[in-house]
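Here the structure is laid out as structure tokens; the discussion comes afterwards.
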Protein chains: 2
Amino acid sequence: MYSSNALKAVLNEKGWRLTPQRETILTAFQRLQKGKHLSAEDLYELLEQQETPISLSTIYRNLKLMSHMGILRELEFAEDHKHYELNQPSPNHHHHLICVKCNQAIEFKSDPIQKVGKSKAKQAGFHLLDCQLTIHALCPRCKKPAKSAS
Amino acid sequence: MYSSNALKAVLNEKGWRLTPQRETILTAFQRLQKGKHLSAEDLYELLEQQETPISLSTIYRNLKLMSHMGILRELEFAEDHKHYELNQPSPNHHHHLICVKCNQAIEFKSDPIQKVGKSKAKQAGFHLLDCQLTIHALCPRCKKPAKSAS
DNA sequence: AAACTTATTGCGAATAACTCTGATTAAAAT
DNA sequence: ATTTTAATCAGAGTTATTCGCAATAAGTTT
Ligand SMILES: [Mn+2]
Ligand SMILES: [Mn+2]
Ligand SMILES: [Zn+2]
Ligand SMILES: [Zn+2]
């Protein structure tokens with residue numbers, strides 16, 4: 001959970017600046033209910049309703065920046081757009097089981113997987129940002145019967 | 001490794017048809033060198049060069065269909081488009097460590113992860129299509145120094 | 001505190017990955 | 001051989017995301 005100052009610190013370290021927009025975006029994700037994920041458009045509308053609007057291009061730019069920094073994680077469930085959520089450490093870090101047809105997502109945790117992620121990244125000399133097991137599947141409702149005879 | 005007949009069988013089971021285009025696409029992936037992945041556009045160009053061209057819309061439709069069937073897997077490394085590869089069973093099944101900046105991808109195997117995937121899907125009553133651990137990271141070359149003084 | 005540098009914003013236009021439409025073709029069933 | 005309807009192709013259309021640029025303001029230097 002980044003405080004405003006912590007956010008400033010990690011931004012400035014790279015030469016980036018702390019802007020009100022960036023704080024607003026981070027706060028929106030921190031306040032988000034567990035299990036919820038936001039698309040760029042979702043966030044845009046949420047902030048509009050909150051009376052703290054931010055332009056869509058700024059939202060896109062910062063969602064990408066904050067994901068690349070490891071503050072947010074980019075999720076690819078829905079067919080045509082990305083979703084985002086906070087990239088949280090160990091006790092809250094989780095993975096997703098998703099139905100490729102209706103996009104329903106179920107979250108679950110797994111420490112062993114996190115360990116694999118850390119060790120593989122280290123082994124290859126990479127700086128780990130996020131590791132996520134994504135299980136693509138068909139939910140009970142979407143796995144239809146083979147084909148009903150005439 | 002699907003034979004032409006096996007492909008026909010799984011297609012017909014759902015009321016789909018075996019077309020020369022579908023065979024061509026599957027064959028292209030089966031011939032693909034280990035560690036390689038194709039985007040829709042890549043495949044389009046490959047087939048054009050092979051003198052077995054297929055229209056782009058047909059390619060898109062079938063990449064999606066075959067992914068939803070579990071024959072191919074959809075990978076999300078590059079920023080703006082998907083990549084595909086064969087969805088192979090246990091001895092060849094693998095995961096990816098990718099650099100979010102330059103999109104370099106390293107493959108690795110892990111049976112424990114596959115087990116987690118299978119058990120979680122079963123537990124929730126989902127029909128498993130594919131499970132992939134994606135490790136987002138910065139490769140050695142892309143993790144630049146913090147900021148060089150003037 | 002004022003001046004300075006340049007990262008960031010917002011707007012609208014542009015891009016490009018992907019989807020849709022509708023006429024034509026051709027699998028599979030009868 | 002005939003019938004049914006899924007699939008293909010080409011091109012138009014959609015839309016998530018990016019880009020360009022003038023205006024603004026964060027952080028730094030004086
Ligand atoms: Mn989640
Ligand atoms: Mn691969
Ligand atoms: Zn479903
Ligand atoms: Zn890299």
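Look at CD on B:E41: it is 14 Å from C1' on C:dT15, rounded to the nearest Å. Atom C1' of nucleotide C:dA17 and atom CG of B:D42 are separated by 13 Å, given to the nearest angstrom. Separating the NE2 atom of A:H68 from the P atom of D:dT17 is a distance of 13 Å, rounded to the nearest angstrom. Rounding to whole angstrom units, CD of residue A:E23 and P of D:dA26 are separated by 11 Å. The distance from atom CD of A:E76 to atom C1' of C:dC18 is 15 Å, rounded to the nearest whole Å. In this structure, A:L7 places its CG atom 13 Å from C1' of D:dA26, rounding to the nearest Å. A straight line from CG of B:L63 to P of C:dT19 spans 10 Å, rounded to a whole angstrom.
In terms of phosphate contacts, B:K64 brings a side-chain nitrogen or oxygen within less than 4.0 Å of OP1 or OP2 of C:dT19. A:Y60 has a side-chain polar atom (N or O) that falls below the 4.0 Å cut-off from OP1 or OP2 of D:dT17.
Every residue was checked against the salt bridge (Lys or Arg N to Asp or Glu O under 4.0 Å) condition with B:K8, not counting sequence neighbours, and none meets it.
Under 3.5 Å, the side chains of A:H95 and A:Q132 contain no donor-acceptor pair of N or O atoms. Side-chain polar atoms of B:H68 and A:H136 form no donor-acceptor pair below 3.5 angstrom. Side-chain N/O atoms of A:H37 and A:E85 include a donor and acceptor closer than 3.5 Å.
Hydrophobic cluster membership is shared by A:L128 and B:I113, with clusters built from Ile, Leu, Val, Met, Phe, Trp and Tyr side chains linked at under 4.5 angstrom.
A rotation axis mapping the C1' atoms of four pairs onto the next four is fitted at both ends of the helix from C:dA1-D:dT30 to C:dT30-D:dA1 over five pairs, and the angle between these axes is 50° to 10 degrees.
Of the two residues near DNA chain C, B:K8 and B:D80, the one whose nearest nucleotide lies more 5' is B:D80. When each of B:P20 and B:H81 is assigned the nucleotide of DNA chain C with its nearest heavy atom, B:H81 is the one assigned upstream, toward the 5' end.
For residues 111-129 of chain A, the set of pairs meeting the side-chain hydrogen bond (donor to acceptor under 3.5 Å, both in side chains) definition, not counting sequence neighbours, is empty. The list of salt bridge (charged side-chain N to carboxylate O under 4.0 Å, His left out) pairs with a residue in residues 39-59 of chain A, not counting sequence neighbours, is empty.
Cluster partners of A:V100, using a side-chain heavy-atom cutoff of under 4.5 Å among ILVMFWY residues and allowing indirect links, are A:L138, B:L129.
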Check: Reading nucleotides 3-11 of chain D 5' to 3', which nucleotides get B (base under 4.0 Å from a protein heavy atom), which S (sugar-phosphate only), which -?
Finding: --BBSBBBB

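In terms of modelled atom types and a separation under 3.5 Å, the side chain of A:T58 and the main chain of A:I54 share no donor-acceptor contact.
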